[in-house]
Protein chains: 2
Amino acid sequence: MAEKRYRIGEFAKLVGLSAYTLRYYEDQGLILPQRDDNGVRFYTTHDIRWVGFILHLKGTGMRLNDLKRYVRLRAAGDSTIPERRAMLQQVKDDAEADIAELQMHLKVLSHKIDWYDGKVDQTIADSESFHDYLQKFQDRG
Amino acid sequence: MAEKRYRIGEFAKLVGLSAYTLRYYEDQGLILPQRDDNGVRFYTTHDIRWVGFILHLKGTGMRLNDLKRYVRLRAAGDSTIPERRAMLQQVKDDAEADIAELQMHLKVLSHKIDWYDGKVDQTIADSESFHDYLQKFQDRG
DNA sequence: AAACACCTTCAAGTGCACTCTAAGGCAAGG
DNA sequence: CCTTGCCTTAGAGTGCACTTGAAGGTGTTT
């Protein structure tokens, strides 16, 4: 039994990308769908997995250019595994740094929300500025 | 004793934005520096704090347009506090959702790195695909 | 026969947030 | 006097990742 073939429209819905974007990614060398006798693209479950992985990489902030390099390395065979591993590690480290920064900003945001609540229910003096209020939570080295 | 006045160049270095960007933000109504007798901008510690807060908001993913709205509300007085609070809450919720998604992507990335490690030190069968390997960590509902 | 989904190439448009240039002018410091 | 740093307006350029359009073609389905 042959594997199911998805044409671009169906596949687009399946992976949540537009047909435009799928062709664009193909142009960029990120995806290599097969063609039927009429030259029409078709995708298989193999492509579903690959696009899924691409979306994970993009989701962690990887750029198209880096993704292209990754694809080139992949095509070059197992000898490039260390380099690919290093790329992923870099992306991972960057993403973790982004998260840490995001959480730092969120902390201030949360304090500001608390401060608004305090202002509204009068548990924070009308005169106390947010800046003064923030000092209370400042981590001092 | 009068408060220290920072001209745009010095202030730019202080807050980590370019003078271009500071003028741009002023155009957009986000910052309102004062002017000396010659029409030259100057900023004070008050502006340092305000820009600092702007950067926290931007750091959590808030858009300039929303920032503008926030500034307009702020200028309209304390009666807009509930609305401002709601904006911040929205930004916070969005940022937290972003973090959750990022972490989900990171998880897959980490597994891929582990898989590479397993391939290199032969603890993962040469034949085992990443997709099969991933199944082991799949959370099943 | 018409509608539909697909195909091609090439180029232009979109959105966001800057980033920089041009061109001309003012004021303080060395 | 000259350099440095600032001022103005208006507009163009940048980077990224799409997104769309034009314009013409093929094959399948109703």
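Values reported hereafter were calculated over all heavy atoms of this structure, with side chains retained and with hydrogens, waters and symmetry mates removed. Numbered from 1 within each chain, the chains take letters A, B, ... in sequence-line order. All values derive from a computational prediction rather than experimental measurement.
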Closest heavy-atom pair and its distance - Met62(A), Leu67(A) | SD-CD1, 3.7 Å
So, for Arg74(A) and Thr80(A), which heavy atoms are closest and what is the spacing to 0.1 Å?
-> N-OG1, 4.2 Å
Taking the inter-plane angle between the rings of Trp115(A) and Tyr133(A) on a 0 to 90° scale, is it parallel (under 30°), tilted (30 to 60°) or perpendicular (over 60°)?
-> tilted
Which word best sums up how the rings of Phe130(B) and Phe53(A) line up, parallel for under 30°, tilted for 30 to 60°, or perpendicular for over 60°?
-> perpendicular
Could you state the [atom1]-[atom2] distance from [X] to [N], rounded to the nearest angstrom?
X        : N       : atom1 : atom2 : answer
Asp36(A) : dT28(D) : CG    : C1'   : 11 Å
Arg35(B) : dG5(D)  : CZ    : P     : 19 Å
Leu64(A) : dT19(D) : CG    : P     : 11 Å
Asn65(A) : dA17(D) : CG    : P     : 7 Å
Glu10(A) : dT28(D) : CD    : P     : 17 Å
Leu22(B) : dC6(D)  : CG    : C1'   : 13 Å
Arg23(B) : dC7(D)  : CZ    : C1'   : 8 Å
Asp37(A) : dT28(D) : CG    : C1'   : 14 Å

Check: Thr123(B) main-chain N/O paired with Asp121(B) side-chain donor or acceptor under 3.5 Å = yes
Where does the chain A footprint on DNA chain C start and end, counting 5' to 3' with a 4.0 Å heavy-atom cut-off?
-> dC6(C) to dT8(C)
[N] phosphate, OP1 or OP2: any side-chain N/O from [X] under 4.0 angstrom?
X        : N       : result
Tyr24(A) : dT20(D) : no
Thr21(A) : dA17(D) : no
Lys58(A) : dC18(D) : yes

Please determine, for the side chain of Asn38(A), which listed nucleotide (dT20(D), dG27(D), dC7(D)) has the closest atom?
-> dG27(D)
Most 5' of Arg63(B) and Arg7(A) on DNA chain C, judged by nearest nucleotide | Arg7(A)
Compare all side-chain heavy atoms of Tyr25(A) with those of Val51(A) and state whether any distance is below 4.5 angstrom.
-> no
Look at all strands and tell whether Phe42(A) reaches a base, only sugar-phosphate, or nothing, counting heavy atoms closer than 4.0 Å.
-> nothing
Ring-face cation contact, Tyr116(B) with Lys112(B), 6.0 Å cut, 45° max | yes
Mapping Tyr20(A) and Asp27(B) onto DNA chain D by nearest heavy atom, which one lands closer to the 5' end?
-> Asp27(B)
